[in-house]
Asks: 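Have a look at the structure that comes next, please.
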Amino acid sequence: MDLPSRYNPNEVEPRILARWEKRGWVCDPKSGKKPFSIVIPPPNITGRLHMGHALNNTLQDVVIRFKRMDGYEACWFPGTDHAGIATQTVVEMELLREGKTRKDLGREAFLARVWQWKEKYGNEIVEQLKALGCSCDWSRLRFTLDPGLSQAVRTAFVRLYREGLIYRGEYLINWCPRCETALSDLEVEHEEVQGNLYFVRYPLEGGGYVTVATTRPETMLGDTALAVNPRDERHQHLIGRFAILPVLGRRLPIVAAQEVDPEFGTGVLKITPAHDPVDFHIGQRLGLPAINVLNGDGTINENGGPFAGLDRFKAREALVERLQADGLLEKILPYRHAVGHCQRCRTPVEPRLSTQWFVRTTPLAEPAIRVVQEGKIQFIPERWTKVYFDWLENIRDWCISRQLWWGHRIPAWYGPDGEIFVAMDEEEARTLARAHYGKDVELRQDEDVLDTWFSSALWPFSVMGWPEKTSDLETFYPTDLLITGFDILFFWVARMVMMGLHFLGDVPFRQVLITPLIVDEKGQKMSKTRGNVIDPMDLIQSHGADALRFTMVHISGKGRSARFSRALLDESRDFLNKIWNMARFILTTTADLPAGLALEGRSLAWEDRWILSRLVSVIEEVRAHLERYLFHLAAETLYHFVWGEVCDWYLEIGKVRLYGEDQEARRTAQLVLRTLLADIVRLLHPFLPYITEEIGTYLGLEVSRSAFPRADAGRRDPEAEKVLAAFQELVREIRALRSELGLDPSRELEVVVTGGAWAERVLGDLGPALARLARVRAKLAPEALPPQGAAQGLAGDIAFFIPLAGELDWAAAEARLRKTLAKVEAELRALEERLGEEAFRERAPEEVVAEAEKRARELRARRTRLLRLLEGKR
RNA sequence: GGGCGAGUAGCUCAGGGGCAGAGCAUCCGGCUUACAUCCGGAAGGCCAGAGGUUCGAAUCCUCUCUCGCCCA
């Protein structure tokens, strides 16, 4: 066995990955094992892996590997999302570089081009997920535009339509003039911008004028009324009168509406039902006409009179100039206000009256709220529940049509008179039309596609083959866990719950783990404009997937945001190297271990009993943390066990036997080492799949398919833990004393250990280990008195001295004893004070009082010994 | 305006009613035959502030401050 002294992930990971690829992670819904399932949040085909993916896919993989090892039929369903706007934009940009637009190509050719693009780049992210080590069942890889999933989308649409839960109508929607499509409320991001408040005079019929304040003067071209608050005494006299719209000269009734905020501007609001949500409602209630003044591309349409054809912002300037010329502009004040921007392209969106398809959400939201109230779905951390409720309780209808080409085309056909036929396909639509008209007519399919999130909402069951009745659905639905970021809680999570309940009659998942947002070292969001984006693939290149995963797990316990830093990644890499060298040490020192030897029945040393006892606790802790999805705590437990206990202590103590003469003892040590290593790699495997699989091969163990360790309570050994704790303290004290006395670290010293049976017990077997770890020859002399000039120390209740007359720095030795004494006295004082309080003795639990008394007794004994040592000094 | 999260060692953070922890950085000392991506030792804290609950608060409650985020 010839293993390099440094762990090299670049060599190991591709090799292990190839092995996994070959075998796959294919699940069997009929295995009879208890199922455990997760569906991946499908990454966009346009996307490359980002830190958010790295985080939540690492966590999903940790869970799935753990469950798989723990005997579940653990299935992780992978897939990708067609990402309507995002993908279409990317391909449009590509075309633009060739000087073409999608309109030049036409719908069919453009779609062919997007598919071409998808075939070329769409699977890149899948390869990246594989590199990260994700053990998805890749045989079940799905894409939201696959035939099966498209069938699911059409089925859902048709059913919702026939149930009256999807409707078409003319409403005010958010419009992105760059994407030239409608957007849902969620796709609009509000941002504070510095703008102006324009005060415009509207002449009154019969003389005079009224001043109206607006941030978007160009929309006045669509004004159909003015409004004041009915309780605003200043403007009572205006109600019922008419104003004249500047430039266009339209007659505007002045109405009363309680939505008008008397504090804003002059307290008089212009009503533009086609371009403002509040105005839209007022207009609807009062039956005011709505005049759309915008084209799809953001230019003013024919309703804008002299401004027709101008871009909305140019029109604003032109209109303001005109008002000024007409003497109708009172003033312009700078004004900060929130403006909606397109989530995709950052273009300011316009509220715009338009005919679109909507999902009626209230009836769907109600059961989605109820299942969470009833605990059928649980959010982790729990506080997200409230956010979920708040949104669903105030939900508005969901605009699902998009004026794009890339996506699921809306399965609706129109007759010559505009009659709508919603059907699974054209043939069915034709049948419906024939029944309606009594003859064959020309049908035209709706040009629009569905919001990407519509297909995403069906994802947990569409990936399993719905609407077919599949064994996957039967076994794996509902899934057990969803791991995702809070940014898509509304976009995706809430909608999956609504759709899952509606179509399957059951929740899509039982638990939702919300992960934090990864931010940079300074706590700033990663963004292209900031230039602080870190590509996880670069990190895999430089540090390996395992190191990246461990770092992700490390920071996964945070609340809303988690800072990523290179320092943490280096720390993870160091840990991997530590694991590697631990394994290397164990493998080489046990290479001669004959097969067939068993640990059972052998007489174990203190350190064996101790480490095996600790292993029991570690297994229990790791399991408990994993069950509660406290990944960072599980990882931390393992980190400290491996590094701080196994490597720092057990291996070092073990060298006594491994390098010693006693063959039987050596065999025992080897057997314990092998046992330990096999358990450690399996405990670590969900977090660090590559290195553990690699080490496993040297143990003849396929770690990824082996059983996750179970705690063997019979190995719990409090006595051994106590002995080792005493031993460790003794070693630490001697080391500290040596260091503080400035003694040559390589020099072997003599140490005389005094103290009774306990010291004898600790040193009886561990004497040689003490020699090794503290570089001392230890002599047990219960009754010995320290000679003049010996340095003395105390570890627990074991006293020792180093008889080195004439060589020592007395002050340093004494200082150390005094420092220890000060600590003991401080703690004892606090303890005695507490014990002196009657209230404490009466009200604190018995065991707490008993524990305090015991500790106080120990401290008193310690103090006595320390004082005696200090006295004996002179 | 409403809501959420964070504030603990110089830095990044664990912990979450009963002895304040880790890693990094710092200082001192070591290439000791698994590992210098290492080993040993040391130093470093009014757990943001003020009240409250409790025998006991870093931890629970209230308010305040600072930072970050979400929704309107």
Side-chain angles (χ1 to χ4, degrees), chain A residues 3-8 185-186 189-190 277 338 340 381 383-384 386-387 389-391 394 486-487 489-490 516-517 519 521-525 543 547 554-555 557-568 570-589 630 632-633 635-637 639-640 643-644 646-648 651-652 654-655 658-659 673 731-746 748 772-775 816 819 823-824 826-828 830-831 833-845 847-849 851-852 855 859:
Chain A
L3 304 174
S5 69
R6 280 189 183 193
Y7 177 60
N8 180 359
D185 295 330
L186 283 177
E189 290 180 356
H190 293 269
R383 69 189 131 84
W384 292 104
K386 190 171 150 21
V387 181
F389 285 148
D390 285 349
W391 189 71
N394 300 299
F486 57 81
D487 51 330
L489 182 61
F490 309 140
L517 182 79
V519 296
E521 273 155 288
K522 293 178 205 129
Q524 291 191 307
K525 235 182 205 174
H543 288 70
H554 186 150
I555 63 178
K558 300 300 300 169
R560 256 183 174 281
S561 62
R563 284 184 207 219
F564 173 84
S565 74
R566 304 258 167 192
L568 286 177
D570 286 345
E571 195 181 302
S572 301
R573 178 205 53 200
D574 294 351
F575 182 47
L576 287 171
N577 198 55
K578 191 71 184 177
I579 293 168
W580 180 251
N581 277 289
M582 168 189 70
R584 198 159 72 98
F585 174 76
I586 293 176
L587 291 169
T588 50
T589 54
L630 297 170
H632 62 299
L633 298 184
E636 196 193 21
T637 299
Y639 182 95
H640 285 112
W643 201 315
V646 173
C647 291
D648 287 352
L651 296 189
E652 294 305 323
K655 285 174 183 173
L658 291 169
Y659 298 153
L673 284 173
V731 171
R732 285 202 189 97
E733 280 300 315
I734 294 173
R735 281 173 174 170
L737 193 57
R738 287 183 68 127
S739 175
E740 279 168 38
L741 292 174
L743 296 171
D744 178 358
S746 62
E748 191 176 71
R772 189 169 182 78
L773 270 65
R775 288 235 156 199
R816 178 157 189 90
K819 200 173 76 181
K823 269 190 210 159
V824 167
E827 195 187 334
L828 188 58
L831 213 50
E833 195 179 325
R834 199 188 320 164
L835 282 165
E837 283 166 24
E838 212 168 300
F840 174 69
R841 290 184 166 284
E842 273 173 21
R843 303 216 191 169
E847 61 272 18
V848 171
V849 178
E851 187 58 40
R855 178 77 186 148
L859 287 169

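All heavy atoms count here, side chains included; hydrogens, waters and symmetry mates do not. We name chains A, B, ... by the order of the sequence lines, and we start the count at 1 in each one.
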Asks: Determine the Euclidean distance between corresponding P atoms of B:A42 and B:A22; express it in Å to zero decimal places.
Replies: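 It comes out at 11 Å once rounded to the nearest Å.
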Asks: Between C1' on B:G5 and CZ on A:R383, what's the gap in Å once rounded to a whole number?
Replies: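 Rounding to the nearest Å, CZ of A:R383 and C1' of B:G5 are 6 Å apart.
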Asks: Rounding to a whole Å, what distance do you find between A:D744:CG and B:G30:P?
Replies: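 Going from A:D744 (CG) to B:G30 (P), I get 8 Å.
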Asks: On a heavy-atom basis, which atom in A:R738 and which in A:R775 lie closest, and how many Å separate them?
Replies: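 Smallest heavy-atom distance, with atoms named: NH1-O, 2.6 Å.
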Asks: What residues form a side chain to side chain donor-acceptor pair (under 3.5 Å) with A:S5, not counting sequence neighbours?
Replies: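 Scan of A:S5 (side chain to side chain donor-acceptor pair (under 3.5 Å), adjacent residues dropped) gives none.
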Asks: Mind checking what makes side chain to side chain donor-acceptor pair (under 3.5 Å) contact with A:E837, not counting sequence neighbours?
Replies: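 A:E837 satisfies side chain to side chain donor-acceptor pair (under 3.5 Å) with no other residue.
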Asks: Taking the side chain of A:R573 as its heavy atoms from C-beta onward, which of B:G40, B:U37, B:G18 lies nearest to it?
Replies: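 That would be B:U37.
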Asks: Consider ring pair (Phe, Tyr, Trp, His ring centres under 6.0 Å). Of A:W384, A:F486, A:F490, which one does A:W391 pass it with?
Replies: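 When ring pair (Phe, Tyr, Trp, His ring centres under 6.0 Å) is applied between A:W391 and each of A:W384, A:F486, A:F490, only A:F490 qualifies.
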Asks: Pull out every protein N or O sitting under 3.5 Å from an N or O of nucleotides 33-36 of chain B, one pair per line with the distance.
Replies:
| from | atom 1 | to | atom 2 | distance (Å) |
| --- | --- | --- | --- | --- |
| B:A34 | OP1 | A:K655 | NZ | 3.2 |
| B:A34 | OP2 | A:Y659 | OH | 2.4 |
| B:A34 | O3' | A:R584 | NH2 | 3.2 |
| B:A34 | O2' | A:N581 | OD1 | 2.5 |
| B:A34 | O2' | A:R584 | NE | 3.3 |
| B:A34 | O2' | A:R584 | NH2 | 2.5 |
| B:A34 | N7 | A:K655 | NZ | 3.3 |
| B:A34 | N6 | A:C647 | O | 3.2 |
| B:A34 | N6 | A:E652 | OE2 | 3.0 |
| B:A34 | N3 | A:N581 | O | 3.2 |
| B:C35 | O4' | A:N581 | OD1 | 2.9 |
| B:C35 | O4' | A:N581 | ND2 | 3.3 |
| B:C35 | O2' | A:N577 | ND2 | 3.0 |
| B:C35 | O2 | A:K578 | NZ | 3.0 |
| B:C35 | N3 | A:K578 | NZ | 2.8 |

Asks: What pair of heavy atoms forms the shortest contact from A:L831 to A:A852, and how long is it?
Replies: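 Where A:L831 meets A:A852 most closely, the heavy atoms are CD2-O, 3.6 Å.
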Asks: For B:U59 and B:U54, measure between their C1' atoms and round to the nearest Å.
Replies: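 13 Å, rounded to whole Å.
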Asks: Between B:A20 and B:C47, how many Å separate the two C1' atoms, rounded to a whole number?
Replies: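 Between the two C1' atoms, the distance is 8 Å.
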Asks: Measure the distance from NZ on A:K386 to C1' on B:G5 and round it to the nearest whole Å.
Replies: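 Distance check: A:K386 NZ to B:G5 C1' gives 13 Å.
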Asks: Taking the side chain as every heavy atom from C-beta outward, state whether A:R573 and A:D570 have any atom pair closer than 4.5 Å.
Replies: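 The answer is yes, as the side chains (C-beta and beyond) meet within the 4.5 Å cut-off.
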Asks: Polar atoms only, N or O, under 3.5 Å: list the protein pairs with nucleotides 20-24 of chain B and their distances.
Replies:
| from | atom 1 | to | atom 2 | distance (Å) |
| --- | --- | --- | --- | --- |
| B:A22 | O2' | A:H640 | NE2 | 3.1 |
| B:G23 | O2' | A:E571 | OE1 | 2.3 |

Asks: Separation of A:R735 atom CZ from B:C28 atom C1', in whole Å?
Replies: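 Atom-to-atom, A:R735 to B:C28, this comes out as 16 Å.
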Asks: Take A:V731 and A:P745, find for each the nucleotide of RNA chain B with the closest heavy atom, and name the residue whose nucleotide sits nearer the 5' end.
Replies: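 Counting from the 5' end, the first nearest nucleotide belongs to A:P745.
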Asks: What heavy-atom pair brings A:R735 and A:L773 nearest, and what distance separates the two atoms?
Replies: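 So the minimum-distance heavy-atom pair works out to NE-O, 3.1 Å.
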Asks: Expressed in whole Å, how much space separates the C1' atoms belonging to B:C4 and B:A9?
Replies: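 Result for the C1' pair: 28 Å, nearest Å.
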Asks: Determine the Euclidean distance between corresponding C1' atoms of B:A58 and B:A6; express it in Å to zero decimal places.
Replies: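 Roughly 15 Å separates the two C1' atoms.
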Asks: Which listed nucleotide (B:G18, B:U32, B:G15) is nearest to the side chain of A:R775?
Replies: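 Of the candidates, B:U32 comes closest.
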Asks: Evaluate the side chain to side chain contact (heavy atoms under 4.5 Å, CB included) criterion for residues A:T589 and A:L651: first the C-alpha distance (whole Å), next the side-chain angles of each, then the deciding distance (0.1 Å), finally the verdict.
Replies: CA-CA 11 Å; A:T589 54; A:L651 296 189; over 6 Å; no
Asks: Can you tell me, in whole Å, how much space there is between the C1' of B:A36 and that of B:C60?
Replies: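 Each nucleotide's C1' atom is 47 Å from the other's.
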Asks: Mind checking the C1' distance from B:A25 to B:U12? Whole angstroms is fine.
Replies: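 Taking atom C1' in both B:A25 and B:U12, they lie 11 Å apart.
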Asks: Look at the side chain of A:W580 and the backbone N and O of A:L3, then say whether any donor-acceptor pair between them is shorter than 3.5 Å.
Replies: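 Pair absent, no side-chain N/O of A:W580 close to backbone of A:L3.
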Asks: For the residue pair A:C647 and A:K578, establish whether any side-chain heavy-atom pair is separated by less than 4.5 Å.
Replies: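 A:C647 vs A:K578: side chains touch.
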Asks: Using whole Å, what does the distance between atom P of nucleotide B:C38 and atom CZ of A:F575 come to?
Replies: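 In whole Å, B:C38 P and A:F575 CZ are 12 Å from each other.
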Asks: Could you measure between the two P atoms, the one in B:U37 and the one in B:U26, and give it in whole Å?
Replies: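 It works out to 15 Å between them.
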Asks: Could you tell me the separation between the CG atom of A:L517 and the CZ atom of A:F564, rounded to the nearest 0.5 Å?
Replies: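 Rounded to the nearest 0.5 Å, the CG-CZ separation comes out at 14.0 Å.
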Asks: One pair to check against salt bridge (charged side-chain N to carboxylate O under 4.0 Å, His left out): A:D390 and A:K386. What are the steps and the verdict?
Replies: CA-CA 6 Å; A:D390 285 349; A:K386 190 171 150 21; 3.5 Å; yes
Asks: Considering all heavy atoms of both residues, which atom of A:L576 and which atom of A:A547 are nearest to each other, and what is their separation?
Replies: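 That would be CD1-N, 3.5 Å.
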Asks: Anything below 3.5 Å on both distances counts as a pair; with that, list the stems of at least three consecutive Watson-Crick or G-U pairs involving RNA chain B.
Replies: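 RNA chain B stems, ordered by first number: B:1-7 with B:65-71, B:10-13 with B:21-24, B:26-30 with B:38-42, B:48-52 with B:60-64.
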Asks: Between A:E571 and A:H554, which heavy-atom pair has the shortest distance, and what is it?
Replies: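 In this case the closest contact between A:E571 and A:H554 is OE2-CE1, 3.7 Å.
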Asks: For A:L517 and B:C67, give me the distance from atom CG to atom P, rounded to whole Å.
Replies: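 After rounding, the reported distance stands at 20 Å.
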Asks: Using whole Å, what does the distance between atom C1' of nucleotide B:G5 and atom CH2 of A:W384 come to?
Replies: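 Distance check: A:W384 CH2 to B:G5 C1' gives 8 Å.
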Asks: Check nucleotides 68-72 of chain B for protein N or O atoms closer than 3.5 Å to its own N or O atoms and list the pairs.
Replies:
| from | atom 1 | to | atom 2 | distance (Å) |
| --- | --- | --- | --- | --- |
| B:C69 | O2' | A:R560 | NH1 | 2.8 |
| B:C70 | OP1 | A:K525 | NZ | 3.4 |

Asks: What are the two closest non-hydrogen atoms of A:Y7 and A:N577, and how far apart are they?
Replies: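 What the structure gives for the nearest pair is N-OD1, 3.0 Å.
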Asks: Give one of base, sugar-phosphate or nothing for A:R732, where a contact means two heavy atoms less than 4.0 Å apart.
Replies: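 Sugar-phosphate, no base atom in range.
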Asks: Does the side chain of A:R563 get closer than 4.0 angstrom to OP1 or OP2 of B:C13 through an N or O atom?
Replies: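 Affirmative; the distance criterion is met.
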Asks: Once you round it to whole Å, what is the distance between P of B:G18 and CG of A:L835?
Replies: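 The answer, rounded to whole Å, is 17 Å.
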Asks: Taking the six-membered ring of A:F585 as reference, does the cationic atom of A:K655 (NZ for Lys, CZ for Arg) lie under 6.0 Å from its centre and within 45° of its axis?
Replies: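 Pair A:K655/A:F585 counts as cation-pi.
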Asks: On RNA chain B, compare the nucleotides closest to A:E837 and A:E851; which residue's is nearer the 5' end?
Replies: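 First, find each residue's nearest nucleotide; the 5'-ward one identifies A:E851.
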